[in-house]
Amino acid sequence: MHRYEVEVAWSGATTDYRSYSRNHEAFAPGRPPLPSSADPVIGRGDATRWNPELLLIASLSQCHMLWYLHLCTEAGIVVTDYRDTAEGTMNNQRFLQVTLRPRVTITDPAHTDAARELHAEAHKRCFIANSMNFPVDHEPTITASG
């Protein structure tokens, strides 16, 4: 069993829906504060801060990447670069889906197919994706630098 603790702190006055600040900070022990707000389009928030929707997509992307790098290491596949352009869609009530688009660079062209296939296993092992009630798809691109 793993336990995670986060504190979210806001202060101000909710006297008027249009004027109260949505800005807040998230804290976790031993980490810098995370400046956060609501999505400016749907929640009148600050576009320069992280919002819950972006954090959810980032969590899915990070979990997939960390599992993927682990699996590649176990398989002897050397990854030298990993970048994901993840995108989520939602209606006014819930997320409908998230698509991860990892672009991975490996050193050995002979491992290209195996590197691509490991994305399916990373997806199976990602506990964040397994906790969602919407599809989390992945569309990987593998490039060999050697």
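We count residues from 1, following the sequence as given. These numbers come from the heavy atoms of this one structure, side chains and all, not from hydrogens, waters or symmetry mates.
- Under a hydrophobic-cluster definition in which Ile, Leu, Val, Met, Phe, Trp and Tyr are linked whenever side-chain heavy atoms come within less than 4.5 Å, directly or via other members, V78 and I106 are assigned to different clusters.
- Residue M90 holds its CE atom at 9.5 Å from CZ of F134, rounded to the nearest 0.5 Å.
- Under a hydrophobic clustering in which Ile, Leu, Val, Met, Phe, Trp and Tyr are joined whenever their side-chain heavy atoms come within less than 4.5 Å, directly or via other members, I128 and L66 fall into different clusters.
- Summarising the geometry of C126 relative to C63, their closest heavy-atom pair is SG-SG, 2.6 Å, with the distance given to 0.1 Å.
- D46 meets the salt bridge (Lys or Arg N to Asp or Glu O under 4.0 Å) test with R49; sequence neighbours excluded.
- In this structure D16 satisfies the side-chain hydrogen bond (donor to acceptor under 3.5 Å, both in side chains) test together with S19, sequence neighbours excluded.
- Cluster annotation: V6 and L55 are assigned to distinct hydrophobic clusters (Ile/Leu/Val/Met/Phe/Trp/Tyr, side-chain heavy-atom contacts under 4.5 Å, transitive).
- Taking all atoms of both residues into account, the shortest heavy-atom contact from S145 to T105 is CB-CG2, 3.8 Å.
- Scanning for side-chain hydrogen bond (donor to acceptor under 3.5 Å, both in side chains) contacts around T89 gives an empty result, with sequence neighbours left out.
- Residues that satisfy the side-chain hydrogen bond (donor to acceptor under 3.5 Å, both in side chains) test with T99, not counting sequence neighbours, are Q97.
- Judged as a side-chain hydrogen bond (donor to acceptor under 3.5 Å, both in side chains), and not counting sequence neighbours, the contacts of E5 are R3.
- Defined by atom type and a distance below 3.5 Å, a donor-acceptor pair is present between the side-chain atoms of N23 and S37.
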### Task
Take R94 and N133 through the side-chain contact (heavy atoms from CB on, under 4.5 Å) test and state the conclusion after the steps.
CA-CA 10 Å; R94 64 186 300 265; N133 66 353; 3.4 Å; yes

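- Residue pairs that meet the side chain to side chain donor-acceptor pair (under 3.5 Å) test with at least one member in residues 68-82, sequence neighbours left out, are H70-E74, D81-R83.
- Between M132 and L56 there is a side-chain heavy-atom pair separated by less than 4.5 Å.
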### Message
Between N91 and L96, is the side-chain contact (heavy atoms from CB on, under 4.5 Å) condition met? List the steps.
### Response
CA-CA 7 Å; N91 59 22; L96 303 174; 3.8 Å; yes

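- In this structure H138 satisfies the ring-ring contact (aromatic ring centres under 6.0 Å, His included) test together with H64, H123, sequence neighbours excluded.
- Side-chain N or O atoms of R116 include none that pairs as donor or acceptor with a backbone N or O of A114 at under 3.5 Å.
- Here A86 pairs with I57, S61, D84, L100 under the side chain to side chain contact (heavy atoms under 4.5 Å, CB included) rule; sequence neighbours left out.
- Residues in residues 12-61 take part in no ring pair (Phe, Tyr, Trp, His ring centres under 6.0 Å) pair, two or more places apart or across chains.
- Side chain of W67 to backbone of H119: no donor-acceptor contact under 3.5 angstrom is found.
- Scored by the salt bridge (Lys or Arg N to Asp or Glu O under 4.0 Å) test, R103 finds no partners at all (sequence neighbours excluded).
- Taking the salt bridge (Lys or Arg N to Asp or Glu O under 4.0 Å) definition, one finds that E121 meets it with R125, sequence neighbours left out.
- Expressed to the nearest 0.5 Å, how far CG of L69 lies from CD1 of I77 amounts to 11.0 Å.
- Cluster annotation: F127 and V98 are assigned to the same hydrophobic cluster (Ile/Leu/Val/Met/Phe/Trp/Tyr, side-chain heavy-atom contacts under 4.5 Å, transitive).
- L54 and L34 fall within a single hydrophobic cluster, where Ile, Leu, Val, Met, Phe, Trp and Tyr are joined by side-chain heavy atoms under 4.5 Å apart, directly or via other members.
- The salt bridge (Lys or Arg N to Asp or Glu O under 4.0 Å) check on E117 picks up nothing, with sequence neighbours excluded.
- Interatomic distance, L118 CG to C72 SG, rounded to the nearest 0.5 Å: 5.0 Å.
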